[in-house]
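In what follows, every heavy atom counts, from backbone to side chain, and hydrogens, waters and symmetry copies are set aside.
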Amino acid sequence: MLDINLLRNNLNEIQNNLQKRGFDFDVKAFEKIDSKRKKLQIQTESLQEKSNILAKEIAQEKNQAVKDSKLKDAKKISNDLKEIKTNLDGALNDLNNFLLEIPNLLSEDVPEGKSEESNKIIYEKGIIPKFSFEIKDHQQLGELSNGINFEESVTIAKSRFVVLRNEMAKLHRALSQYMLDTHTENGYEEIYVPYLVNKNSLEGTGQLPKFEEDSFKISNEEMYLIPTAEVPVSNIYRNKILNSDELPISYVAHTPCFRREAGSYGKDTRGIIRQHQFEKVELVKFVHPEDSETELDNLTKDAEAILTNLNLPFRKVILCSGDTGFSSSKTYDLEVWFPSQKTYREISSCSNFKDFQSRRMKIRIKQSKENILCHTINGSGLAVGRTLAAIIENYQTEKGSIMVPDVLIDYMGGTKELNLPR
RNA sequence: GGAGAGGUGGCUGAGUGGUUGAAAGCGCUCCCCUGCUAAGGGAGUAUGUGGUAAUCCUGCAUCGAGGGUUCGAAUCCCUCCCUCUCCGCCA
């Protein structure tokens, strides 16, 4: 959510900024809603003041006749108040709904562009493997020894789910263990959180009200399956005031993520790149506003370290204005190389939300004069399923086996090669 | 799931219809006193949002959440959420 005072005072600037991401900010509508709110609020509050004063006078009034007449006045005011308050509530609601639909302001250094084609590559790292044989994609490789099974998952659930078996399941687990261990060594506190969250939490991080159709909702409770650990972890401090000496607070959480992927029919139907359920290790930071730029860089580096250590070729891009997410002011994507697709695919998304989420969540920092909103940052470190797919493809051998990356061998109980054809 | 008790400021805790946004204590901040330390004295110390661009000033709201009764609600009524104790069930 944007600062409403900033909106009131910098309308054109904000309109221009939002225009870059293709969002049409309706200045007239805003002014209309806000002036209506202002009028009603002033009316209501002055009426309330009158009512409060009268109530006090009635309490102290000794003369019965005077008291009766004041009671009569108070009764009338009370009735008027009821009506006008309903109107004010409506106006405040309209205003709030209007504000909730406005995306975050973009940082200065976000390149302009409409779609992902305009994302800017910052650098490429690692060596793209050259294969002297005809390569397979991760689905083919996984199915070779029934490590990846899509028929079973359809029986159990439906499409876009997967069953992993045997060493493949173990490698999948090894990956999340390795990521958690690496991040905790780098100063992140490991945290375990609920996978079902209430509506307020989703609103706090910005998934609601705009993206209702993207999430799975429980039918017999007002609860949602988390689309990312960002939601439960960020909301830990909803309605809290933090001390500045405890910042930055850094958390790492490993959770499943559930997404309906409405809007992506037909996309990535092959393999485990786009699933309704996937594992992710998520990094979340609560930081002082002054530090959020550098902390985003730090967090992105921590995510990159996993790719570097796994020897996976990747590149870092900064998302352009049109591709940057609703709540984010600036986002770096890390994209890993997929040999079968001869392209880089997103494996981590690291964003600085500035005070956009903390305003919704009401996370403040204690200050001597006036409390300020903290900044939130998060990023994947990394998406486990996609990392697994990338390893399978990049580490494949001619005979269809998969070499285990050095850093994972211990986690695999010493196994150095898996998926050997039987 | 059943029965009972309860949810008040950073914390403890008083308050059952009328200057109570809230006593008292602890903590914290500032000042004074004091060889140091310890102790003592004084003042201050919730959040949000309006009127303002803003200090000041000032209004309104907030005692788990949302409704209701009333001129007036922390206090009475209803619904929901949560915590504790006992029973049941379960991993």
Review point. So what does I58(A) touch, heavy atoms closer than 4.0 Å: a base, only the sugar-phosphate, or nothing?
Key: base
Study note, to complete from the structure: The contact string for nucleotides 45-52 of chain B, one letter per nucleotide 5' to 3', using protein heavy atoms under 4.0 Å with B, S and - for base, sugar-phosphate only and none, comes out as --SSSSS-
**Study point:** Pairing partner (Watson-Crick or G-U wobble, both distances under 3.5 angstrom) of rU52(B)
**Key:** none
**Study point:** Pairing partner (Watson-Crick or G-U wobble, both distances under 3.5 angstrom) of rA23(B)
**Key:** none
Review point. Salt bridge or not for K70(A) and D73(A), using N-O below 4.0 Å?
Key: no
Review point. Can you name the side-chain hydrogen bond (donor to acceptor under 3.5 Å, both in side chains) partners of S329(A), sequence neighbours left out?
Key: S107(A)
Review point. When you check the side-chain N and O atoms of T376(A) and Q357(A), is any donor under 3.5 Å from an acceptor?
Key: yes
Revision key, fill the gap. Any strand, both distances under 3.5 Å, Watson-Crick or G-U wobble: rA65(B) pairs with rU79(B)
Review point. Run the salt bridge (charged side-chain N to carboxylate O under 4.0 Å, His left out) check on K217(A) and E222(A) step by step: do they pass?
Key: CA-CA 8 Å; K217(A) 189 180 174 194; E222(A) 191 67 15; 3.5 Å; yes
Check your understanding: When rounded to the nearest 0.5 angstrom, what is the spacing between CE in M179(A) and CD in Q177(A)?
Key -> 11.0 Å
Practice item. Please determine if K267(A) and E261(A) form a salt bridge, counting it only when a charged side-chain N lies under 4.0 Å from a carboxylate O. Key: no
Check your understanding: Would a line drawn from the ring center of F258(A) to the ring center of Y195(A) be shorter than 6.0 Å?
Key -> no
Review point. Rounding to the closest angstrom, what is the interatomic distance between rU20(B) and rC56(B) at atom P?
Key: 25 Å
Review point. Taking a pair as Watson-Crick or G-U wobble with both distances under 3.5 Å, which nucleotide is matched to rG72(B)?
Key: none
**Study point:** Rounded C1' spacing from rG18(B) to rC76(B) in Å
**Key:** 15 Å
Check your understanding: What does K56(A) touch in the nucleic acid at a heavy-atom separation under 4.0 angstrom: a base, only the sugar-phosphate, or nothing?
Key -> nothing
Exercise for review: Assign a letter to each nucleotide of nucleotides 72-84 of chain B from its 5' end: B, base within under 4.0 Å of a protein heavy atom; S, sugar-phosphate only; -, no contact.
Suggested key: S------------
Exercise for review: Classify the side-chain pair E212(A)/Y224(A) by whether it contains a donor and acceptor separated by less than 3.5 Å.
Suggested key: yes
Study note, to complete from the structure: The nucleotide from rG59(B), rC71(B), rG18(B) with an atom nearest the side chain of K75(A) is rC71(B)
